[in-house]
Protein chains: 2
Amino acid sequence: MSIDLSELEALDLWRRAIVSSVRLDAPDLTARQMSLLLTVYLTPPPHTVRGLAQTLKVSKPAITRAIDRLSDMDLARRKVDEADRRSVLIQRTVRGSVFLREYGELIVAAARGLKNAKAKGALA
Amino acid sequence: MSIDLSELEALDLWRRAIVSSVRLDAPDLTARQMSLLLTVYLTPPPHTVRGLAQTLKVSKPAITRAIDRLSDMDLARRKVDEADRRSVLIQRTVRGSVFLREYGELIVAAARGLKNAKAKGALA
DNA sequence: TACAAATAGTCCGCTATCGTAACGAACCGA
DNA sequence: TCGGTTCGTTACGATAGCGGACTATTTGTA
């Protein structure tokens, strides 16, 4: 199982996946919101507002707003850190797990479509 | 050169690439704007407003706005179709080509990082 | 017990996007 | 030429995002 791909293939993979998500009318997350969501689900906790702001190099209010939005959609949730009540931990939800699993399937499907197109010579 | 990847690998690839673009303070395009840009650059012309609206299943004004924004950033441009002056053709720009090439490099770099992490067992 | 530091949230004015509906320009067939 | 159709844009009111500055709460320490 390898993941080598040329730039053009990479872009076409990206296109196929993102066009699919737009067509499916998936929650229209911004790049920042998506990067926040993926970071919370795929990198080791704990995840705090300040830590995420540093990781993504965006302002704190941007993180707070992104969490607001993800919370509204029940894709993530806040929990006060009992060890340091100034901090807020951002945690996963069931709905968020389901959403990301489906998103992963969508990317995998895009990769399959790209592979088939290549086999047919549709991509030169 | 193959492009097989599991759902988790796919998501981690996505995370690495999108976090990189956010950190690099790349133009903060929405999913719709990005899907429009990729479609214009990677699928055969001509690209009209109506056609793109159908392809992406979004409203016409949403396409018009996305083109407005991409035009402001000189990532795409409008050209009236001389064969049917009601239609507007969306075309590539040099700056858009450069932007997407860099974006492709970013995804390829994310794939390499993912591969290395796997080799080290960091992804179980 | 005071006081500074750290953390997250709120407020401000501004800009961008949304979908529906209305609009003007261009095309086409009768 | 006239009427309907197609195409893209604009108008509208509503919602959401932005960064910088400020606030409230909690913590650690002198």
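Residue numbers begin at 1 in each chain, while the letters A, B, ... track the order of the sequences.
Within the nucleic acid shown, Arg85(B) comes within 4.0 Å of sugar-phosphate atoms alone, with no base atom in reach, counting heavy atoms only. At a threshold of 4.0 angstrom between heavy atoms, the contacts of Thr64(B) include nucleobase atoms, whether or not backbone atoms are also involved. Using a 4.0 Å heavy-atom cutoff across all strands shown, Glu82(B) reaches no nucleic acid atom at all. Heavy atoms of Ala62(B) sit under 4.0 angstrom from primed sugar atoms or phosphate atoms, though from no base atom.
Using a 4.0 Å cut-off between charged nitrogen and carboxylate oxygen, Asp12(A) and Arg15(A) count as a salt-bridge pair.
Rounded to whole angstrom, the span from the CG atom of Leu36(A) across to the P atom of dA16(D) amounts to 17 Å. Going from atom CG of Asp72(A) over to atom C1' of dA16(D) covers 11 Å, rounded to whole Å. A straight line from NZ of Lys57(A) to P of dC18(D) spans 17 Å, rounded to a whole angstrom. Rounded to an integer number of Å, the gap from Leu29(B) CG to dC18(D) C1' is 16 Å. Rounded to whole angstrom, the span from the CG atom of Leu52(A) across to the C1' atom of dG9(C) amounts to 15 Å. Taking atom CG of residue Leu89(B) and atom P of nucleotide dC7(D), one finds them 13 Å apart after rounding to whole Å. Per the geometry, NZ belonging to Lys60(B) stands 8 Å off C1' belonging to dT6(D), to the nearest Å. Taking atom CD1 of residue Ile63(A) and atom P of nucleotide dG17(D), one finds them 12 Å apart after rounding to whole Å.
Side-chain proximity of Arg65(A) to dC18(D), dC7(D), dT10(C): nearest is dC18(D). Closest to the Arg50(B) side chain, of the nucleotides dG8(D), dT20(C), dT10(C), is dG8(D). Nearest nucleotide to the side chain of Arg86(B), out of dG19(C), dG19(D), dA25(C): dA25(C).
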- prompt: What do the steps show when you test Thr64(B) against Arg78(B) for side-chain contact (heavy atoms from CB on, under 4.5 Å), and what is the final call?
  reply: CA-CA 10 Å; Thr64(B) 292; Arg78(B) 289 180 166 90; 3.7 Å; yes
message: Quick one, Asp81(A) with Thr48(A), criterion side-chain contact (heavy atoms from CB on, under 4.5 Å). Give me CA distance, side-chain angles, the key distance, then yes/no.
response: CA-CA 9 Å; Asp81(A) 182 354; Thr48(A) 64; 5.9 Å; no
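The two residues Pro44(A) and His47(A) make their nearest non-hydrogen contact at O-CE1, 3.3 Å.
Nearest-nucleotide positions on DNA chain C place Asp84(A) closer to the 5' end than the other of Asp84(A) and Asp68(A). Heavy-atom distances to DNA chain C give each of Ser87(A) and Ala83(B) a nearest nucleotide, and the one nearer the 5′ end belongs to Ser87(A). Checking Thr30(A) against Ile67(B), the closest nucleotide of DNA chain D that is more toward the 5' end is the one next to Ile67(B).
At the phosphate of dG19(D), OP1 or OP2 sits under 4.0 Å from a side-chain N or O atom of Arg32(A). OP1 or OP2 of dA16(C) has not a single side-chain nitrogen or oxygen of Gln33(B) nearer than 4.0 Å. Look at Arg69(A) and you won't find any side-chain N or O under 4.0 angstrom from OP1 or OP2 of dA16(D). Contact check, Arg78(A) against dG9(C): a side-chain N or O comes under 4.0 Å of OP1 or OP2. Distances shown here put a side-chain N or O of Ser59(B) below 4.0 Å from the OP1 or OP2 atom of dG19(C).
Among Leu8(A), Leu114(A), Ile18(A), the one residue that satisfies the side chain to side chain contact (heavy atoms under 4.5 Å, CB included) test with Leu13(A) is Leu114(A).
In this structure, Glu102(A) and Val98(A) have side chains that are in contact, with non-hydrogen atoms separated by less than 4.5 Å.
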